[in-house]
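Sequence lines set the chain letters: A, B, ... in the order given, protein chains first and strands last, and positions in each chain run from 1. Below, all heavy atoms of this structure are taken into account, side chains as well, without hydrogens, waters or symmetry copies.
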Amino acid sequence: MPPAGEGGAPVGYDPAAVEEKWRARWTERATNRVDLAGGERPFYQLMMFPYPSAEGLHVGNLFAFTGSDIHARFRRLQGHTVFQPLGYDAFGIHSENYAIKVGLHPMRLIPRNIANFRRQLDRAGLMVDWSQSVDTTDPSYYKWTQWVFLQLYNHGLAYKKKAAVNWCPSCKTVLANEQVVAGACERCGTLVEQRLLEQWFFRISDYAERLLNNLSTLDWSDTTRTAQRNWIGKSEGAELRFAAGTAGHIEVFTTRPDTVFGATYMVLAPEHPMVDALTTPAQRADVEAYRLRASKQDLVARRVNKEKTGVFTGSHAINPATGQPIPVWIADYVLMDYGTGAIMAVPGHDERDFEFATVFGLPIVRVVAGEGEDAATPLATAFVENEKGRLVNSASFDGQTVADAKRAITAWLGEQGAGKSVVNYRLHDWCISRQRYWGPPIPIIYCDACGAQPVPEKDLPVVLPDIEDYRPDDSGISPLARHAEWYHVACPKCGKQGRRETDVSDTFLDSGWYFLRYPSATRGDVAFDAEITRKWLPVNTYIGGNEHAVLHLLYSRFITMVLHDMKHIGFEEPFTKFRAHGLIIKEGAKMSKTKGNVVNPDQFMDRWGADAFRTYLMFLGPYEEGGDFRDAGISGVRRFLDRLWLATTEATKDGAPDEGVMRKLHQTIRKVGVDIPRLSYNTAIAALMEYMNTLRKGERSPHHAEVEPVVQMVSPFAPHVAEELWEQLGHSKSVFDSGWPSFDESLAREDSVQLAVQVNGKLRGTLTVPVGITQDEALALAQAEANIAKFVTGAIRKVIFVPGRLLNIVV
RNA sequence: GCGGGGGUGGCGAAAUGGUAGACGCGGGGGACUUAAAAUCCCCUCCGGGCAACCGGGUGCGGGUUCGAGUCCCGCCCUUCGCACCA
């Protein structure tokens with residue numbers, strides 16, 4: 001515990017008192033309030049908003065927020081008007097499941113969680129403008145989420161279709177493909193089944209190409225951009241038509257049209273719509289049995305069981321290249337939701353087809369030969385190397401390279417109306433329907449006479465009713481359908497009785513536009529104000545977890561692009577710069593309640609103070625890498641703040657600042673100023689500690705001018721104590737309005753340096769030399785040094801001189 | 001299987017191709033103190049040596065270079081994504 005003051009001596013650092021004082025002062029002075037209309041040099045610093053869990057804020061949240069906060073405060077010190085809002089992403093299955101579990105209605109639970117979060121967030125000293133917050137579950141927010149839905153609906157970008165969807169039998173809800181991890185529910189781990197339901201989709205796949213192309217223009221971490229690129233999964237190839245008698249034509253997507261002469265059979269996904277027509281009476285029983293099995297099988301079983309299975313339909317199709325009939329099979333290794341749901345199988349040049357052909361004894365034909373091979377060289381495995389391959393067994397295309405043949409064969413088949421070049425994307429349309437309670441109702445009304453009608457904008461929001469039986473059941477119909485007084489509503493077009501859509505929308509829609517809402521959060525009349533949006537968006541720097549690298553960020557980009565195309569906003573990319581913070585783990589595992597390794601930040605802030613805890617989290621390691629949380633070492637950071645306190649309270653205005661200390665100071669200003677924008681917080685803190693060691697060396701009492709800048713530099717990390725010390729230094733305004741200390745190159749310059757001297761690349765000594773020393777002078781000094789000279793045996797062949805760093809004598 | 005991180009002291013970690021281990025924790029010793037706390041000073045990669053110094057050292061094996069933790073090739077381990085995507 002800090003010592004009590006005696007006889008007018010300075011009182012030691014008491015974080016609890018300091019932090020309480022400044023929390024109150026910031027509120028009273030509205031220090032964090034932003035003048036959105038008038039602020040100069042606007043800078044929008046955004047952090048991903050949290051889901052307010054019942055467990056409260058955990059160390060991982062705090063790590064993420066603190067990193068953003070430091071950047072925001074730094075930009076403010078540099079003279080920007082910084083807008084850093086924060087809100088709550090509180091709809092969704094998380095809350096609902098938890099509510100069901102503890103038997104507390106989400107409408108009662110969420111406000112309680114939010115209040116607790118707010119308390120913890122306030123304590124952490126974040127520079128957040130709480131007058132501009134959002135809560136996705138507040139009707140004043142989701143009114144506009146529904147408005148966003150209507151924008152897409154009105155422009156043909158929202159549609160309904162019956163689709164095989166992932167159904168979690170435990171959560172009793174539909175999951176997006178992205179929420180299915182290895183065939184199991186992302187949230188509860190239960191194996192997912194397939195169900196056919198009417199679902200609302202957004203046509204994000206129409207935007208695949210733009211979403212892909214714009215990536216190169218964004219200042220985002222490479223890992224994030226790569227993840228998005230892979231997710232979009234652009235693949236160039238051809239769509240080929242295989243005539244299948246009375247059943248029609250089977251369309252396939254292939255990236256290897258050059259191998260069409262080697263297509264010896266075809267495979268359709270079991271769910272493919274042409275299967276019925278293709279199945280012959282003799283095969284029907286087998287085909288039906290296989291399809292039934294496939295439909296019962298979830299994705300896991302399909303993937304875990306790698307052995308190829310399948311059934312012959314009894315029909316044949318004509319290979320458009322060879323004119324030969326080839327059998328048509330169904331097999332679950334072909335997926336209905338990629339390409340056309342059907343493939344031409346080229347066992348000679350595709351590993352999966354090879355395996356299947358081997359199992360069922362189907363013919364394997366070589367149509368590409370590698371170096372030293374010819375048309376007759378047997379295939380022990382699929383030959384997939386295509387760089388040096390030449391076509392064989394392919395009629396007039398023999399001898400062509402793979403690349404040439406791709407073009408030539410596609411063109412040739414195109415002339416016959418049997419093929420065309422296509423680009424295929426892995427990205428699917430975004431299913432936004434959820435047959436659950438805890439979300440914004442989708443604003444659609446069904447009328448027997450008029451069909452589906454959008455809810456008129458003036459009738460928004462469609463308020464989620466406060467009902468007691470909100471639990472989902474096994475019917476696949478939303479709980480909202482059970483409430484007649486809500487469900488029945490007049491058709492907005494004809495006025496007759498209609499029915500409301502009972503699905504609610506995906507939480508990714510809530511978070512897909514929230515950054516647009518913050519600056520206009522107090523506006524009841526519009527989703528976002530045009531002028532304010534023009535001034536503040538796009539977001540300058542966005543910080544969040546890489547677990548949202550694909551979904552949230554991609555959906556946000558999509559919504560932004562759509563709103564741009566509708567002229568609601570003037571930009572099409574929402575986040576100019578994005579950086580993913582690392583993950584804080586504990587004992588080698590991600591913190592989770594089930595693992596019982598969640599660290600509650602309250603206890604650390606109690607013991608060490610919020611400032612020390614913030615600084616410690618940032619000192620743990622590189623911000624973008626995260627790290628293992630352990631409390632060893634927090635004392636070092638606290639000691640640093642204690643020493644800063646002592647240095648400041650002892651600072652004197654007598655005399656002049658020390659030249660050497662000022663040199664170190666300016667070197668520190670330079671380093672910290674470079675490190676913070678790079679989010680290299682750990683090294684910035686190390687530099688500040690180094691400066692503190694210089695400042696306090698030998699218990700010297702520092703000069704005011706030596707201390708003031710360090711208080712400013714520490715302030716992004718430890719805002720409360722910095723404010724207190726700034727005040728003690730005689731300032732009446734907030735340290736955050738004091739500017740960033742100015743850097744003077746001439747004051748940072750050293751007049752002598754340590755020069756490493758090597759002989760044949762091995763370090764043999766160091767010399768202290770004047771900064772501007774020439775190579776010859778340095779060489780002479782080195783040779784005069786016995787410990788160095790003794791290694792210089794024989795004639796000097798070469799000398800490498802790196803001014804200010806090293807001299808290497810090669811003999 | 002494919003793709004991206006990452007392997008450096010007892011620990012967390014630093015290092016534009018240029019003195020490996022800054023900064024911090026932990027450990028050891030000392031000053032101050034009646035004593036303790038706080039503060040300040042010194043030591044702390046490994047081996048050898050009283051020391052000056054010498055040798056070795058960044059997962060493993062090669063290579064490029066005057067010089068490699070850093071670049072190149074081939075492996076091993078680890079971690080996170082994606083995964084029968086035609």
Side-chain angles (χ1 to χ4, degrees), chain A residues 1-3 12 181-182 221-227 229-231 233 235 237 252-256 259 267 299 302-303 305-308 331-335 337-346 349-353 355-356 424-427 546-547 549-550 582-583 585 588 590 616 619-622 624-625 627-637 639-640 642-643 646 680 682-693 696-700 754-767 786-787 790 797-802 804-811:
Chain A
M1 283 290 106
V181 177
S221 337
D222 282 337
T223 52
T224 312
R225 289 191 297 175
T226 303
R229 230 170 251 130
N230 292 342
W231 192 263
S235 170
V252 303
F253 173 74
T254 179
T255 55
R256 296 295 306 275
T259 63
V267 185
L299 296 157
R302 274 196 180 193
R303 277 168 203 173
N305 184 4
K306 286 265 183 184
E307 287 124 56
K308 294 286 181 286
D332 65 3
Y333 83 95
V334 172
L335 309 175
D337 56 7
Y338 184 76
T340 61
I343 62 158
M344 65 174 198
V346 184
H349 304 283
D350 182 281
E351 283 165 9
R352 299 151 300 182
D353 297 345
E355 196 189 326
F356 189 82
N424 193 50
Y425 299 92
R426 212 188 68 119
L427 182 68
N546 226 357
E547 68 273 18
V550 176
L583 214 59
I585 55 177
K590 188 176 170 177
Y616 175 62
F619 188 59
L620 220 48
E624 291 177 74
E625 285 172 34
D628 203 356
F629 183 83
R630 55 190 79 194
D631 49 8
I634 189 166
S635 61
V637 170
R639 196 138 45 216
F640 166 69
D642 283 333
R643 277 148 47 89
L646 282 169
S680 189
N682 55 332
T683 54
I685 294 163
L688 290 164
M689 287 173 165
E690 252 184 90
Y691 178 64
M692 192 56 56
N693 290 341
R696 300 273 303 158
K697 188 98 179 163
E699 288 182 276
R700 64 186 288 276
Q754 292 282 304
L755 190 72
V757 181
Q758 300 181 337
V759 178
N760 288 338
K762 270 190 183 316
L763 183 73
R764 295 303 180 186
T766 55
L767 298 172
N787 276 327
K790 71 183 181 191
R797 292 199 294 131
K798 194 173 174 184
V799 176
I800 315 281
F801 182 64
V802 183
R805 298 223 74 132
L806 110 167
L807 179 76
N808 187 9
I809 303 166
V810 185
V811 294

Q: Name the nucleic acid region contacted by A:E690, choosing base, sugar-phosphate or nothing; use a 4.0 angstrom heavy-atom cut-off, strictly under.
A: sugar-phosphate
By the Watson-Crick or G-U definition, both distances under 3.5 Å, B:G24 is matched with B:C11
A:K798 NZ to B:G18 P, in whole Å, measures 16 Å
- Give a yes/no on whether any side-chain N or O of A:R805 is located under 4.0 angstrom from OP1 or OP2 of B:G67. no
Count the heavy atoms of every other residue, nucleotide or ligand shown that sit under 6.0 Å from CD of A:E351, and state whether that count exceeds 12.
-> no
Would you say the side-chain atoms of A:Y338 and A:N424 include a donor-acceptor pair closer than 3.5 Å?
-> yes
Point to revise | A:K308 (side chain) and B:C84 (base): donor-acceptor pair under 3.5 Å | key: yes
Side chain to side chain contact (heavy atoms under 4.5 Å, CB included) between A:V252 and A:M344, intermediate numbers included: CA-CA 6 Å; A:V252 303; A:M344 65 174 198; 4.2 Å; yes
A:L620 CG to B:G12 P, in whole Å, measures 11 Å
Here the gap from A:I685 atom CD1 to A:F619 atom CZ, rounded to the nearest 0.5 Å, amounts to 7.0 Å
field: Residues A:R639, A:D642: salt bridge by 4.0 Å N-O rule
entry: no
Using a 6.0 Å distance limit plus a 45 degree cone around the ring axis, check whether A:K308 lies over the aromatic ring of A:Y333.
yes
Between A:T226 and A:T223, is there a side-chain donor-acceptor contact under 3.5 Å, judged purely by atom types and distance? no
Closest non-hydrogen contact found for A:P622 with A:N682 is N-ND2, 3.5 Å
Protein heavy-atom contacts under 4.0 Å, written 5' to 3' over nucleotides 50-56 of chain B as B (base), S (sugar-phosphate only) or - (none), form the string ---SSSS
Note to self: Does a side-chain N or O of A:R696 approach OP1 or OP2 of B:C40 to a distance below 4.0 Å, or not?
What the structure shows: yes
TODO: Tell me what A:N693 touches on the nucleic acid: a base, only sugar-phosphate, or nothing, going by heavy atoms under 4.0 Å.
DONE: sugar-phosphate
Tightest non-hydrogen contact, residues A:L763 and A:A756, listed as CD1-CB, 3.8 Å
Shorter than 3.5 Å, N or O on both sides, protein versus nucleotides 3-11 of chain B: list them out with atom names.
unit_1, atom_1, unit_2, atom_2, d
B:C11, O2', A:R630, NH1, 3.4

Taking a pair to mean Watson-Crick or G-U wobble geometry with both distances below 3.5 Å, B:U39 pairs with B:A31
| Which part of the nucleic acid, if any, lies within contact of A:T766, taking any heavy atom under 4.0 Å across all strands shown: a base, the sugar-phosphate backbone alone, or nothing? | base
ask   = Would a distance-only check, ignoring hydrogens and angles, find a side-chain to backbone donor-acceptor pair under 3.5 Å from A:N760 to A:V811?
value = yes
Strictly below 4.0 Å: does A:R229 bring a side-chain N or O up to OP1 or OP2 of B:C82? no
Applying the 3.5 Å cut-off to both distances, the Watson-Crick or G-U partner of B:U16 turns out to be none
When you check the phosphate oxygens OP1 and OP2 of B:A14, does a side-chain N or O of A:N682 lie under 4.0 Å from one of them? yes
Rounded to whole Å, CZ of A:R700 lies from C1' of B:U39 at a distance of 15 Å
A:N808 CG to B:A68 C1', in whole Å, measures 13 Å
Mate of B:G3 across any strand shown (Watson-Crick or G-U wobble, both atom pairs under 3.5 Å) is B:C80
Taken to the nearest whole Å, CD1/A:I800 to P/B:U19 is 14 Å
dist A:W231:CH2 -> A:R426:CZ (nearest 0.5 Å) comes out at 5.0 Å
Discussion item. OP1 or OP2 of B:G24 versus the side-chain N and O atoms of A:R643: is any pair under 4.0 Å?
Written reply: no
Separation of B:U19 atom P from A:F801 atom CZ, nearest Å, is 14 Å
Given the 90°-from-0 boundary between syn and anti, B:G9 should be labelled syn
Under a 3.5 Å limit on both distances, the Watson-Crick or wobble mate of B:U65 is none
Inter-nucleotide P distance (B:C75, B:G1), Å rounded:
12 Å
